[in-house]
Amino acid sequence: MEEIRNLILAVEPGQLTAAGAWKLPIAHLAYRMGDGPHLFRANTPITPTGGWMVVDDTRFSQGDGAEGFCNEVLRECAARKFTGVVCLFRGRESAVLADAAGRLSEACKGREIDCYVTEAYGLSAPAAKVILPTAISGGSLQVRLEEAAARFGKRLALWVERVAEDFLLPSPSGAGAPLTAEELHRRRAERGGAVFFSPELCAHYFTYMAGDKGHFVLFDDAGSIRKKLRMAAGLGVDTAFLPYDSTADVLGELVGK
């Protein structure tokens with residue numbers, strides 16, 4: 001059975017000490033693109049050093065050109081000895097974000113720095129690797145991965161999104177209510193019943209009734225996450241990012257420690 005060779009922990013600033021005990025590469029969830037656009041770093045007692053910097057766009061809404069932002073990112077990489085940049089742009093698509101992804105991918109290539117972008121910007125940044133999230137609520141994950149692999153080839157990487165959602169049936173929007181680990185545990189304990197595995201979604205599920213309303217609860221555990229990693233590895237994917245916050249309790253099973 002093929003395995004993904006490069007597992008990288010995506011870690012919030014306050015989790016660095018605990019996550020560091022796993023001796024895996026670290027991707028620092030400590031940066032964001034703000035308006036301008038400009039690069040901002042979270043205030044934290046521990047300054048990120050080495051590994052990857054992850055830049056999200058959750059607070060970006062307006063800006064002109066991206067050249068200044070890209071220069072700020074490159075300077076931060078040099079100062080913090082980062083070997084990779086992850087443009088975790090998941091908001092509304094924009095020309096500025098596409099420009100930033102494209103410029104950064106080319107600049108990183110020239111400096112031998114790994115660059116990753118989200119799927120929406122894979123064509124704008126042909127020199128970058130492309131991150132595909134694992135969470136789906138319909139269709140087939142295998143088909144989704146195969147289509148992405150056909151589109152991006154060896155550029156494809158994985159971002160593991162641990163699923164825990166409660167869907168009210170029917171669910172025309174395809175969106176469920178997110179559950180915390182405690183809520184999922186309580187719901188399973190209260191509702192009982194059998195737990196099944198969906199090969200198409202590559203996740204576990206159970207159903208229950210609340211009054212006259214049917215519910216469908218979809219969730220991941222170590223076993224389903226491992227299946228997703230192996231499914232991707234079978235298509236040639238060699239890198240996966242594991243958000244530490246949602247996978248800390250199953251890391252021992254995933255990395256064999």
Side-chain angles (χ1 to χ4, degrees), residues 8 10 12-13 27-43 48 51-80 82-139 141 143-161 173-175 178 232 237 239-241 243:
I8 302 168
E12 300 282 353
H28 300 275
L29 297 168
Y31 295 87
R32 63 178 173 83
M33 174 194 275
D35 290 344
H38 290 290
L39 179 69
F40 294 87
R41 187 178 74 221
N43 292 322
W52 284 256
M53 68 181 297
V54 182
V55 186
D56 72 48
D57 64 332
T58 54
R59 297 190 183 180
F60 173 75
S61 61
Q62 60 184 343
D64 297 319
E67 183 176 0
F69 166 79
C70 293
N71 289 335
E72 292 169 357
V73 171
L74 294 173
R75 285 197 295 270
E76 186 72 1
C77 284
R80 307 299 170 197
F82 292 137
T83 57
V85 176
V86 181
C87 298
L88 200 62
F89 299 162
R90 297 188 285 194
R92 187 176 63 181
E93 293 181 40
S94 78
V96 173
L97 295 177
D99 186 30
R103 286 177 181 269
L104 269 178
S105 68
E106 289 297 332
C108 287
K109 180 181 179 181
R111 291 165 174 77
E112 296 185 343
I113 297 172
D114 290 331
C115 184
Y116 295 80
V117 300
T118 46
E119 185 180 9
Y121 299 99
L123 297 181
S124 302
K129 295 185 179 180
V130 180
I131 291 173
L132 191 76
T134 60
I136 61 171
S137 58
L141 180 61
V143 172
R144 175 97 165 89
L145 288 170
E146 288 174 351
E147 290 175 347
R151 190 178 183 194
F152 299 113
K154 294 183 179 180
R155 297 170 58 203
L156 195 62
L158 216 60
W159 189 279
V160 175
E161 293 182 328
S173 69
V237 177
T239 299
F241 293 86

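What you see below is based on every heavy atom in this structure, not just the backbone, and it leaves out hydrogens, waters and symmetry mates.
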Please check if the side chain of [X] supplies one atom and the backbone of [Y] the other of a donor-acceptor pair under 3.5 Å.
X: Asp35; Y: Gln62; answer: yes
X: Arg155; Y: Gly122; answer: yes
X: Thr118; Y: Phe89; answer: yes
X: Asp57; Y: Met33; answer: no

Hey, could you give me the [atom1]/[atom2] distance between [X] and [Y], rounded to the nearest 0.5 Å?
X: Leu156; Y: Glu119; atom1: CG; atom2: CD; answer: 8.0 Å
X: Arg90; Y: Thr58; atom1: CZ; atom2: OG1; answer: 9.0 Å
X: Glu67; Y: Arg103; atom1: CD; atom2: CZ; answer: 5.0 Å
X: Cys70; Y: Asp99; atom1: SG; atom2: CG; answer: 6.5 Å

Non-hydrogen side-chain atoms of [X] and [Y] separated by less than 4.5 Å:
X: Tyr121; Y: Glu93; answer: yes
X: Leu39; Y: Met53; answer: yes
X: Thr239; Y: Tyr116; answer: yes

Using every non-hydrogen atom in the two residues, find where [X] and [Y] come nearest and quote the distance to one decimal.
X: Ala135; Y: Glu161; result: CB-OE1, 3.3 Å
X: Leu29; Y: Pro13; result: O-CD, 3.5 Å
X: Ser105; Y: Ala127; result: O-CB, 3.7 Å
X: Val86; Y: Ile131; result: CG1-CD1, 3.4 Å
X: Ala101; Y: Ala125; result: O-CB, 3.5 Å
X: Cys77; Y: Ile113; result: CB-CD1, 4.2 Å

- Go through the steps to decide whether Leu132 and Arg151 satisfy the test side-chain contact (heavy atoms from CB on, under 4.5 Å), and finish with yes or no. CA-CA 12 Å; Leu132 191 76; Arg151 190 178 183 194; over 6 Å; no
- Message: Can you classify the ring geometry of His28 versus Phe82 as parallel (below 30°), tilted (30 to 60°) or perpendicular (above 60°)?
- Response: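 Rings of His28 and Phe82: tilted, as their planes differ by 30° to 60°.
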- Steps toward side-chain contact (heavy atoms from CB on, under 4.5 Å) verdict (Tyr31, Glu76): CA-CA 10 Å; Tyr31 295 87; Glu76 186 72 1; 2.6 Å; yes
- Begin with the C-alpha distance, continue with both residues' side-chain angles, and end with the deciding distance and a verdict on side-chain contact (heavy atoms from CB on, under 4.5 Å) for Leu104 and Phe69. CA-CA 9 Å; Leu104 269 178; Phe69 166 79; 4.1 Å; yes
- Query: After noting the C-alpha distance and the side-chain angles of Leu88 and Trp159, does the key distance pass the side-chain contact (heavy atoms from CB on, under 4.5 Å) rule?
  - Reply: CA-CA 10 Å; Leu88 200 62; Trp159 189 279; 4.0 Å; yes
